[in-house]
Amino acid sequence: MNFIEQYLARAAGLEAVAAGQDIRCRVDLVAAHDVTGPMAIQQFEHIGIDHVFDPKKVVMVIDHIFPAATVQAKTMHWIIKDFARQYGITLYDKGQGVIHQVLAESHRLQPGDILVGADSHTCTAGGYGVIAIPVGSTELAAAMATGTIDIEVPEVIEVYMTGQPKPYVGGKDIVLSLIKEFGVDGLTDKAVVFTGPGIAAISMDDRMTICNMGIEMGAMIACFGEETAATGVARTMPLALETVAIVAACPPSPANVRPVAELADVEVTQVVVGSCTNGRLSDMEQVVNILKKHQVHPAVTMLVVPASKNVLAAMEQAGWCKILRDAGAVITNPGCGPCFGAHQGLGTDRDVILSTTNRNFPGRMGHRSAQVYLASPATAAATAVCGRITQPGSLSSEGGAGNE
Amino acid sequence: MNKIKGRVWVFDDNVDTDQILPGYAMAEDFSGLGRYAMAGSKEPDFAARVNPGDIIAAGKNFGCGSSREQAPVALQAAGVSLIIAESFARIFRRNAINIGLPVLVADLRQYVQTGDGIEVDLVQGIVKINDREVVAQALSANVLATINAGGLINRVRQEIGVSNG
């Protein structure tokens with residue numbers, strides 16, 4: 001058995017499991033947010049019981065449309081708030097941050113624990129070894145009631161990493177390169193695991209970024225393992241980290257990946273840094289390192305969305321918020337920001353947006369014809385300065401793009 | 001509900017959940033979701049033109065992206081009775097089954113155009129297009145049981161012994 005099968009067998013109370021087998025796992029944490037939570041609550045109430053399986057293991061986070069952009073959005077907040085009070089579950093309200101970051105900071109899940117989340121980027125928790133399974137609202141309601149989830153054991157694909165990334169190559173560049181390789185549905189119903197000596201060179205923030213986008217390859221589970229190779233996997237893909245280039249996903253698909261160096265002609269009107277994909281402290285540090293010497297281009301709106309209140313507090317403490325504001329960026333409250341397409345900085349058909357978020361589907365961030373590129377925080381910062389897609393590391397210290 | 005007859009709407013590969021139900025529609029009351037079905041797709045006025053019982057025939061990776069169950073709910077509310085695609089994204093497929101909206105895996109796009117009528121036997125997995133029969137991947141007993149129970153919530157009620165009434 002590979003380590004995913006070992007974890008799943010443990011959660012199912014079985015000696016062994018094999019790919020394709022239907023199993024019922026107990027879950028260690030169940031989580032939803034203000035978009036998926038209200039429907040899960042409605043479905044839970046249809047079940048007709050008066051308690052969740054364990055109130056300490058059920059979490060709701062208001063992160064997608066906070067502060068409420070519409071009356072209906074606020075109504076959804078109230079549904080969650082009322083449920084939390086009635087059932088005694090944990091609620092993160094008032095801009096505590098994006099669900100995946102809040103769970104990472106507050107819930108001490110251990111490698112092999114089972115997290116069921118009503119959000120497709122629940123797989124983020126695989127960065128710290130958790131078996132994190134994304135579901136919809138009805139499955140979440142069932143898990144809240146029973147403390148279990150029925151799944152089929154997935155086939156496991158291993159990405160075995162060696163070497164070290166080149167300067168300015170981050171977790172986002174690594175995962176976009178993998179999405180290009182596997183395609184948007186290459187790993188549907190499968191688990192992808194990251195192993196090999198190369199993972200030692202990848203920070204926890206970057207591990208979470210990489211797992212966050214596992215769903216963009218269709219994966220059911222994305223999870224970091226050990227520096228040694230996994231046993232019993234269906235397939236191993238080697239990845240020499242020094243071969244990973246600085247890349248961006250071009251509209252309209254996360255798999256439409258090209259080297260940033262080939263996109264220098266693309267002028268942008270907006271840059272977004274943050275969200276559950278790249279809103280952590282080390283992401284912000286990369287942006288600050290560039291914006292402390294440069295100004296945001298006059299034609300660019302730059303939005304910075306910290307992934308959590310803790311990230312924002314650390315940014316304040318380090319003096320980074322002032323640096324970002326002085327450079328011309330706008331810092332929003334912690335949460336999902338414009339990534340979800342419901343508030344705070346949406347694009348029109350005139351806009352070209354470079355974002356560190358995870359999706360550039362048509363209409364994802366406003367108008368169907370808004371062009372959205374996905375790239376790393378370092379690329380986003382360099383692009384914000386130059387007003388066109390720019391390779392980080394190519395800026396002169398005086399300002400503007402250098403010739404390199 | 002094992003035989004379904006309807007008119008087909010043809011869609012391409014990678015129809016994502018933002019196309020099926022855009023993020024902005026998520027702040028609407030659940031009861032009104034049907035009005036936004038496919039609002040972000042190549043058929044933005046789908047909801048106004050779809051007839052009850054219509055069937056979607058799509059390419060690969062239908063429903064990729066978000067876990068938002070509002071996407072299949074919106075299709076169901078708009079009157080869609082069945083989705084046939086070459087493949088489905090995992091969460092969407094499970095969401096559809098969990099709310100009792102059947103999905104079948106088959107590639108019909110070479111045989112049908114938007115507006116054509118087809119007849120589907122869900123249990124046999126057979127799609128009739130004029131004189132032609134296309135065999136879809138069979139639904140598992142588990143999936144059929146969930147669909148026939150009217151969705152996962154009813155199955156959970158049965159399992160944990162909540163009485164109907």
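First the proteins, then the strands, lettered A, B, ... as listed; each starts at 1. FYI, side chains are in, hydrogens and waters are out, and symmetry mates aren't considered; it's all heavy atoms of this structure.
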Report summary line: CD (B/E159) and OG1 (A/T148) are apart, to the nearest 0.5 Å, by 8.0 Å

**Report entry** From CD1 (B/I153) to CD (A/Q43), nearest 0.5 Å
**Finding:** 4.5 Å

Report which part of [X] has an atom under 4.5 Å of a heavy atom belonging to chain A: side chain, backbone, both, or neither.
X: B/Q70; value: both
X: B/I97; value: neither
X: B/N95; value: side chain
X: B/F92; value: neither
X: B/T17; value: neither

So which of [options] has the largest heavy-atom pair count under 4.5 angstrom toward chain A?
options: B/P22, B/A71, B/S41, B/A25; value: B/S41
options: B/R68, B/Q19, B/K60, B/R155; value: B/R68
options: B/G151, B/A89, B/P72, B/G65; value: B/G65
options: B/I160, B/I91, B/D13, B/V73; value: B/I91

Report summary line: Closest heavy-atom pair, A/A118 versus B/S67, reported as atoms and distance to 0.1 Å, is C-OG, 3.4 Å

Query raised in the report: Of all heavy-atom pairs between B/V156 and A/A142, which one has the smallest distance, and what is that distance?
Result: CG2-CB, 3.7 Å

Requested in this report: Show your working on side-chain contact (heavy atoms from CB on, under 4.5 Å) between A/H121 and B/S66 and close with a plain yes or no.
Outcome: CA-CA 8 Å; A/H121 295 103; B/S66 167; over 6 Å; no

Query raised in the report: Is the count of non-hydrogen atoms from other residues, nucleotides or ligands lying under 6.0 Å from B/K5 atom NZ greater than 12?
Result: no

With a 4.5 Å cut-off on heavy-atom pairs, point out which of [options] contacts chain B the most.
options: A/V184, A/N358, A/T70; value: A/V184
options: A/A68, A/P252, A/P38, A/A141; value: A/P38
options: A/I65, A/D189, A/L140; value: A/D189
options: A/T188, A/D22, A/T122, A/D119; value: A/D119

Report task. Carefully, step by step, assess A/H343 and B/Y24 under the rule side-chain contact (heavy atoms from CB on, under 4.5 Å). Result -> CA-CA 8 Å; A/H343 70 163; B/Y24 63 81; over 6 Å; no

Requested in this report: Starting from the C-alpha separation in whole Å, work towards a yes-or-no answer on salt bridge (Lys or Arg N to Asp or Glu O under 4.0 Å) for B/D16 and A/R364.
Outcome: CA-CA 10 Å; B/D16 59 70; A/R364 175 71 183 181; over 6 Å; no

Query raised in the report: When you measure from the side chain of B/D18 to the backbone N and O of A/G363, does any donor-acceptor pair fall under 3.5 Å?
Result: no

Under a 4.5 Å heavy-atom cut-off, does chain B meet the side chain of [X], its backbone, both or neither?
X: A/I49; answer: side chain
X: A/A73; answer: both
X: A/P254; answer: neither
X: A/I215; answer: side chain
X: A/M39; answer: both
X: A/V35; answer: both
X: A/S137; answer: both

Query raised in the report: After noting the C-alpha distance and the side-chain angles of B/C64 and A/D185, does the key distance pass the side-chain contact (heavy atoms from CB on, under 4.5 Å) rule?
Result: CA-CA 8 Å; B/C64 58; A/D185 61 349; over 6 Å; no

**Report entry** Ion pair A/E45/B/R157, N-O distance below 4.0 Å
**Finding:** no

Query raised in the report: Do B/E69 and A/T138 have side-chain N/O donor and acceptor atoms under 3.5 Å apart?
Result: yes

Requested in this report: Starting from the C-alpha separation in whole Å, work towards a yes-or-no answer on salt bridge (Lys or Arg N to Asp or Glu O under 4.0 Å) for A/E139 and B/R90.
Outcome: CA-CA 13 Å; A/E139 264 194 281; B/R90 173 187 172 77; 5.9 Å; no

Query raised in the report: Stepwise, does the side-chain contact (heavy atoms from CB on, under 4.5 Å) test hold for B/N154 with A/H46?
Result: CA-CA 9 Å; B/N154 289 342; A/H46 285 158; over 6 Å; no

